[in-house]
Amino acid sequence: MGHDWTTRGTHHRVTARGRARDLVRGFARDHVPHPRTSPEDGGGDLPAPGGRDAVVEDRGRAADLRSAVFCSLALFALIVLVDFGAGTLSAVRAGLWAGLAVLLYVILYPARVTAGPGWLAVRGPVRRGHVCLDLLTTARVSETVAARLVLCDSLGNRVEFDPKVLAENPLLLHRLDAGARASRASGLLRSGSAELSRLLTRLDGREAKAVFEASGLR
C-alpha cells in the first residue's frame, strides 16, 4: 500500500508539472508579438490570432464562398439540362448560360473583410478598399433588405460591407469598436457616430446572448 501511495503521488506530481509546462507554452505562443501587417499584405493570417497585432478576418466567408459556387453551378446545370431536353441547346446558348452563371457568382460573391491594428479592409470581386479605424469621420448604416455599413476616414478612404459579418465575428466587431471609440475621442467621427454606436452595442449584445445560450446560462 505504501508503495502504491508513493507511485500515485509521483504520478500526480509529474502530471501537474506537465500541465503547468503546457500552460506556459500555450501562453507564450499566444502572446509573443508578431510584426504588423497592412491591407497591402493581403490580410494574411498570423500565428497568434488573438494577439494585439494579429490580422483577423471573417470566419464564415469560406462557407459563403462555397454556397456562391454551388448556386452558380446549379443554375448553369439546370438551365443547360432544360435546354438540352427541349432540343435547343447550342454552343452560343451554352455560352450565354455560362455568362449568366458567372454573373450570379459575382452577385453572390462574399466580400473578404479583414482587420488589423488600426485598419479594416474589404475586398470584393472587383474592388478593394480599406479605412484607418482611428481616423473614421463618417459611418452610415443601411437597415434595408440588403443591410450595408459604410465607413469613411479622413484620408478619403471608403469601405462598404454587410454588418452581419461583425455579428458573426466578435474579433472584427471589437476591432471596429476600438477604432470608432478612438475616432470619437479625437473628435473626428461626427457623422453617424450615434448610429454606429447603437449598431455595435446591439451586435455586441447578440454576441453575449449567444455565448450565454451556448453555455446553458439564460
Side-chain angles (χ1 to χ4, degrees), residues 30-31 33-65 68 106-144 146-208 210-211:
D30 295 338
H31 291 79
H34 295 272
R36 290 192 177 189
T37 58
S38 65
E40 286 72 20
D41 296 328
D45 295 332
L46 291 176
R52 183 179 59 183
D53 294 340
V55 175
V56 296
E57 62 178 307
D58 182 7
R59 299 174 300 179
R61 181 177 179 272
D64 293 339
L65 189 59
V106 172
I107 295 175
L108 297 179
Y109 183 86
R112 184 176 184 230
V113 182
T114 56
W119 59 265
L120 183 144
V122 179
R123 179 186 297 179
V126 179
R127 295 186 299 177
R128 58 182 296 184
H130 72 278
V131 292
C132 297
L133 296 177
D134 297 341
L135 301 177
L136 292 179
T137 58
T138 304
R140 186 169 67 254
V141 182
S142 173
E143 296 287 357
T144 58
R148 309 298 292 173
L149 173 61
V150 181
L151 302 173
C152 302
D153 64 17
S154 60
L155 302 178
N157 300 314
R158 178 181 181 275
V159 295
E160 178 180 343
F161 61 97
D162 191 337
K164 78 174 184 178
V165 173
L166 300 175
E168 298 170 355
N169 297 271
L171 293 178
L172 286 174
L173 174 64
H174 295 157
R175 289 278 193 191
L176 177 55
D177 187 32
R181 290 175 184 273
S183 298
R184 194 178 298 113
S186 61
L188 291 174
L189 184 56
R190 297 180 178 178
S191 178
S193 174
E195 190 177 12
L196 178 61
S197 180
R198 285 194 298 269
L199 173 66
L200 296 180
T201 301
R202 186 168 72 250
L203 294 179
D204 202 20
R206 290 180 183 176
E207 174 197 339
V211 171

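Residues: numbered from 1 along the sequence shown.
- In this structure, the side chains of Leu65 and Tyr109 come closer than 4.5 Å at one or more pairs of heavy atoms.
- In this view, Arg140 satisfies the salt bridge (Lys or Arg N to Asp or Glu O under 4.0 Å) rule with no residue, not counting sequence neighbours.
- The minimum heavy-atom distance between Ala139 and Glu195, with the atom names listed, is O-OE1, 4.0 Å.
- The two residues Leu196 and Ala180 have their closest heavy-atom pair at CD2-CB, 3.9 Å.
- Interatomic distance, CG of Asn157 versus CG of Leu151, reported as 11.0 Å (0.5 Å rounding).
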Could you list the donor-acceptor pairs under 3.5 angstrom formed between side-chain atoms of residues 183-191 and any protein atom two or more places apart in sequence or on another chain?
from   : atom 1 : to     : atom 2 : distance (Å)
Ser183 : OG     : Leu133 : O      : 2.7
Ser183 : OG     : Asp134 : O      : 3.1
Ser183 : OG     : Leu135 : N      : 3.4
Ser183 : OG     : Leu136 : N      : 3.0
Ser183 : OG     : Gly179 : O      : 3.1
Arg184 : NE     : Ser193 : OG     : 2.7
Ser186 : OG     : Ala182 : O      : 3.2
Ser186 : OG     : Ser183 : O      : 3.0
Arg190 : NE     : Gly187 : O      : 3.0

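- Summarising the geometry of Leu172 relative to Asp58, their closest heavy-atom pair is CD1-N, 3.8 Å, with the distance given to 0.1 Å.
- Judged by distance alone, the side chain of Asn169 and the main-chain N or O of Leu171 form no donor-acceptor pair under 3.5 Å.
- If you take CZ on Arg128 and CZ on Arg123, they are separated by 4.0 Å, rounding to the nearest 0.5 Å.
- Under the 4.5 Å side-chain criterion, counting only non-hydrogen atoms from C-beta, Glu160 is not in contact with Val122.
- With contacts defined as side-chain heavy-atom distances shorter than 4.5 Å, the pair Asp162/Val113 does not qualify.
- Under the 3.5 Å distance criterion, the side-chain polar atoms of Arg175 are left unmatched by any main-chain donor or acceptor of Leu120.
- Using a 4.5 Å cut-off on side-chain heavy atoms (C-beta onward), Leu200 and Leu173 make contact.
- Within the model, atoms NZ of Lys164 and CZ of Arg148 stand 10.0 Å from one another, a figure rounded to the nearest 0.5 Å.
- The shortest heavy-atom contact between Pro163 and Leu149 is CD-N, 3.9 Å.
- Nearest approach of Cys132 to Asp153, heavy atoms of both residues: N-OD2, 2.9 Å.
- The side chain to side chain contact (heavy atoms under 4.5 Å, CB included) search around Ile107 returns Leu103, not counting sequence neighbours.
- The two residues Pro110 and Arg61 make their nearest non-hydrogen contact at O-NE, 3.2 Å.
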